[in-house]
Amino acid sequence: MTANVAEEKTPAVPVWNDRAVSVSERVDALIGAMTLREKIAQLYGVWVGASDEGGDVAPHQHDMEEAVDLDVLLPAGLGQLTRPFGTAPVDPALGALSLMRSQARIAAENRFGIPALAHEECLAGFAAWGATAYPVPLSWGATFDPVLVRRMAAAIGRDMRAVGVHQGLAPVLDVVRDARWGRVEETIGEDPYLVATIGTAYVQGLESAGIVATLKHFVGYSASRAGRNLAPSSVGPRERADVLLPPFEMAVREGGARSVMHAYTDLDGIPAAADEDLLTGLLRDTWGFDGTVVADYFGIAFLTTLHAIAGDWADAAGAALRAGVDVELPTVKTFGTPLEEAVTDGRVPETLIDRALRRVLTQKTALGLLDADWTPLPPALTGADLDTPDTLRGSIDLDSPANRALARTLAEEAVVLLSNDGILPLTAPRRIALLGPNADEPTAVLGCYSFPQHIGVHHPHSPLGITLPTLRDTLTAEFPDAEFRAVRGTGIDDGDTSGIPEAVRAARDADIAVVVLGDRAGLFGRGTSGEGCDAESLALPGAQQHLLDALLDTGTPLVTVLLAGRPYALGRATDESAAIVQAFFPGEEGTHAIAGILAGRLNPSGRLPVSVPRTPGAQPTTYLGPRLAHANNVSNIDPTPAFPFGHGLTYTTFHWTDLTVDHHEAPTDGEFSLALTIRNTGRRPGTETVQLYLHDPVASVVQPLQRLIGYTRLALDPGQARRLHVTVPADLASFTGRNGQRTTEPGTLELRLASSSTQPHLTTHLTLTGPEHHPDHTRHLHAVFVVGQEPVARA
């Protein structure tokens with residue numbers, strides 16, 4: 001009798017909450033129990049902002065959308081919470097408390113107790129107030145260091161997970177095709193292999209912390225005409241397959257990414273959000289991706305308002321669902337009442353709802369959000385006094401000393417020394433003129449998706465939340481005995497030349513002049529770099545070139561420093577500056593890195609992830625161009641860059657010798673084995689970035705003159721040498737042939753071991769034999785580099 005009473009008082013755990021049941025069974029049972037409205041509710045998000053008092057989140061009113069009433073929506077459930085931390089400045093602990101209380105409310109108000117999945121931006125760090133601002137992705141590319149980027153992403157992911165976030169909207173895997181595009185700073189570079197390897201490392205780091213990584217923007221966004229944001233993309237099938245898709249393929253295969261975001265743009269008239277061949281045929285059926293596809297913000301509505309392939313919101317929702325989009329972000333629009341009505345009247349089959357819902361619920365199950373013992377309490381608030389919110393303020397540190405140390409290491413590896421006539425490192429200069437609009441500007445190191453530049457600018461009375469030393473601060477610390485005179489000269493883009501004479505006088509009175517130029521990150525015209533901040537040419541914004549030329553005329557040795565989001569043509573300075581240092585928005589510790597390199601405390605090791613143009617108008621162009629894209633006698637325009645992809649100087653010298661090849665012939669499905677010796681022949685420690693390029697002299701379709709197929713960083717002490725062994729699969733020579741199929745053709749290849757795309761040190765010719773080979777999506781993607789365990793005898 002007692003046992004029976006106990007059984008009656010202990011309700012059975014619903015199948016969908018039972019971890020002992022398989023995920024598929026749990027999901028199927030839940031779908032079977034839901035109404036149409038409850039199903040659809042899991043397929044959209046709501047844009048919210050956390051409360052700085054620790055209360056519930058409040059809907060964010062965006063000028064592109066109508067107001068949202070949570071009281072009306074929540075009884076049916078909610079799929080996602082959009083940017084609870086990244087909408088307004090909120091103390092991290094109170095933001096975590098606000099999110100926790102909101103999740104408890106969401107779970108309590110729907111029949112099945114399902115919480116929302118919370119997502120945030122994390123392009124260059126967790127985009128929350130007070131969180132570490134790491135270098136932007138273009139700086140990640142400049143490191144050529146996937147291991148370090150993986151560490152950074154894991155740290156970002158841990159901070160996000162600690163406060164209750166589940167998904168991060170990064171990395172950007174768009175390959176730069178036109179440097180005028182405003183979002184170049186968000187990309188990793190102009191080479192698909194570099195983008196793929198660095199981006200995949202970021203995915204691995206984020207996913208290792210339990211955060212769902214989101215690959216974006218799938219695909220073609222960066223190939224827009226004239227570099228204009230959201231402009232149509234004129235891309236052929238081979239460029240798409242061989243340049244734009246490889247980073248996404250690697251991040252799916254090797255990174256374990258669990259989400260993909262469609263691009264805004266259309267390719268040849270087909271918007272990505274409505275491209276079934278792309279989002280289902282290639283991504284899922286061929287590559288085997290089994291995660292969720294989420295909409296770029298407002299992207300489904302754009303099928304009606306911008307692309308005009310859908311007559312109303314319901315048609316747009318149906319087109320996106322058919323293509324394979326599972327979740328509408330940032331807030332409910334087309335996937336709300338319009339979609340429900342379209343299913344009811346038969347325009348959209350409910351099977352499409354169920355397909356997307358199964359993917360969403362599978363992901364929520366994997367995150368533990370459907371477990372019977374799920375709790376909204378985030379790890380960072382464990383043991384905290386949740387009843388007195390004010391005591392929590394300041395208790396969560398999203399910019400820890402460990403984070404800042406990691407940010408500094410990344411910045412140190414990312415700064416690129418473009419030229420140096422011997423003036424660097426500076427040796428105890430007595431008088432330094434510090435000039436230019438970015439010399440004393442704290443936010444000059446930040447990209448457009450950093451919290452201060454993305455959100456903080458709308459809250460001018462709120463503190464930055466992080467410490468941002470200017471280059472003036474860090475140089476003063478590096479040279480405490482020097483006399484500094486700082487003159488702005490001109491603004492970033494105001495065109496004001498009235499301050500240039502004073503800057504010229506300061507330079508003439510100095511032993512060394514350091515001019516700090518570049519960009520101001522922002523969005524949609526508020527900056528010179530960033531989303532919607534496209535450039536008409538690659539000339540320096542505003543009157544900066546006038547300032548630069550005037551300083552060159554003084555005769556005082558001039559060190560030019562760029563804090564920018566894209567490469568710029570520098571005119572005379574390319575040849576006349578005593579030294580040029582390029583930093584792509586290097587984050588909160590970036591000025592320490594630059595000052596350390598100028599002073600010689602650090603050895604520069606960054607390499608260019610994008611070419612630096614010689615002239616401002618020869619766009620679009622990248623090093624990946626075929627023969628006719630390079631300088632020739634059939635056009636008067638010379639696109640040869642001032643500094644090529646992969647370029648970067650150090651404070652030492654390296655000698656490359658003793659190239660050996662095990663066999664100069666291999667079958668089209670085989671591999672080659674190479675070895676070489678690299679010695680540091682200078683007096684300082686240094687890091688050489690060994691780059692492996694492939695040149696295919698004759699192919700059945702036009703090929704780039706060369707392309708990167710592998711790289712590694714090699715740190716050597718003075719006099720030290722190491723033997724480097726390289727295995728090169730023949731699959732790396734494959735490309736998309738005339739019939740649209742990937743092929744490896746027999747014939748002669750040239751492999752170049754180089755320190756940049758224009759500086760080969762050792763070259764060998766190899767031959768592929770046998771029939772054409774057709775590798776698929778399981779092909780080898782990497783050359784393997786192995787450094788000899790014991791150093792070769794020192795000189």
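Just the heavy atoms: all of them, side chains too, but no hydrogens, waters or symmetry mates, feed the values below.
Here the closest heavy-atom approach between residue Pro135 and residue Ala124 is recorded as O-CB, 3.6 Å. In this structure, Met34 and Leu30 approach most closely via the heavy-atom pair CG-O, 2.9 Å. Contact between Leu81 and Val57 at its shortest, heavy atoms only, is CD2-CG2, 4.4 Å.
The main-chain N or O of Thr391 is never found under 3.5 Å from a side-chain atom of Thr388 such that the two would form a donor-acceptor pair. When atom types are taken as modelled, the side chain of Gln453 and the backbone of Gly522 share no donor-acceptor pair closer than 3.5 angstrom. Between the Arg253 side chain and the His777 main chain, a donor and an acceptor come within less than 3.5 Å of each other. Looking only at distances, no side-chain donor or acceptor of His119 sits under 3.5 Å from a matching main-chain atom of Thr82. No donor-acceptor pair under 3.5 Å is formed between the side chain of Asp371 and the backbone N or O of Trp374.
Side chains of Asn403 and Asp397: no donor on one and acceptor on the other come within 3.5 Å. No side-chain N or O of Tyr264 forms a donor-acceptor pair with one of Asn229 less than 3.5 Å apart. A side-chain donor from one of Thr132 and Asp399 sits under 3.5 Å from a side-chain acceptor of the other. If you check the side chains of Ser224 and Thr265, you find no donor sitting under 3.5 Å from an acceptor. In this model, no donor atom of one side chain and acceptor atom of the other lie less than 3.5 Å apart for Glu328 and Gln80. No side-chain donor-acceptor contact under 3.5 Å links Glu340 and Thr337. Asp296 and His262 share no donor-acceptor pair across their side chains, judged by distance under 3.5 Å alone. Using modelled atom types and a 3.5 Å distance limit, the side chains of Glu25 and Ser22 yield a donor-acceptor pair.
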task = Starting from the C-alpha separation in whole Å, work towards a yes-or-no answer on side chain to side chain contact (heavy atoms under 4.5 Å, CB included) for Leu244 and Ser222.
result = CA-CA 9 Å; Leu244 302 180; Ser222 60; 4.3 Å; yes

task = Please test His454 against Tyr449 for ring-ring contact (aromatic ring centres under 6.0 Å, His included), starting from the C-alpha separation and ending with a verdict.
result = CA-CA 5 Å; His454 199 76; Tyr449 268 79; 4.2 Å; yes

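Taking the six-membered ring wherever Trp is involved, the centroid distance between the rings of Phe302 and His307 does not fall below 6.0 Å. When ring centroids are compared, Tyr297 and Trp47 come within the 6.0 Å threshold. Here the two rings, on Trp140 and Tyr202, have centers that are under 6.0 Å apart.
To the nearest 0.5 Å, the span separating CG on Asp18 from CG on Leu370 amounts to 11.5 Å.
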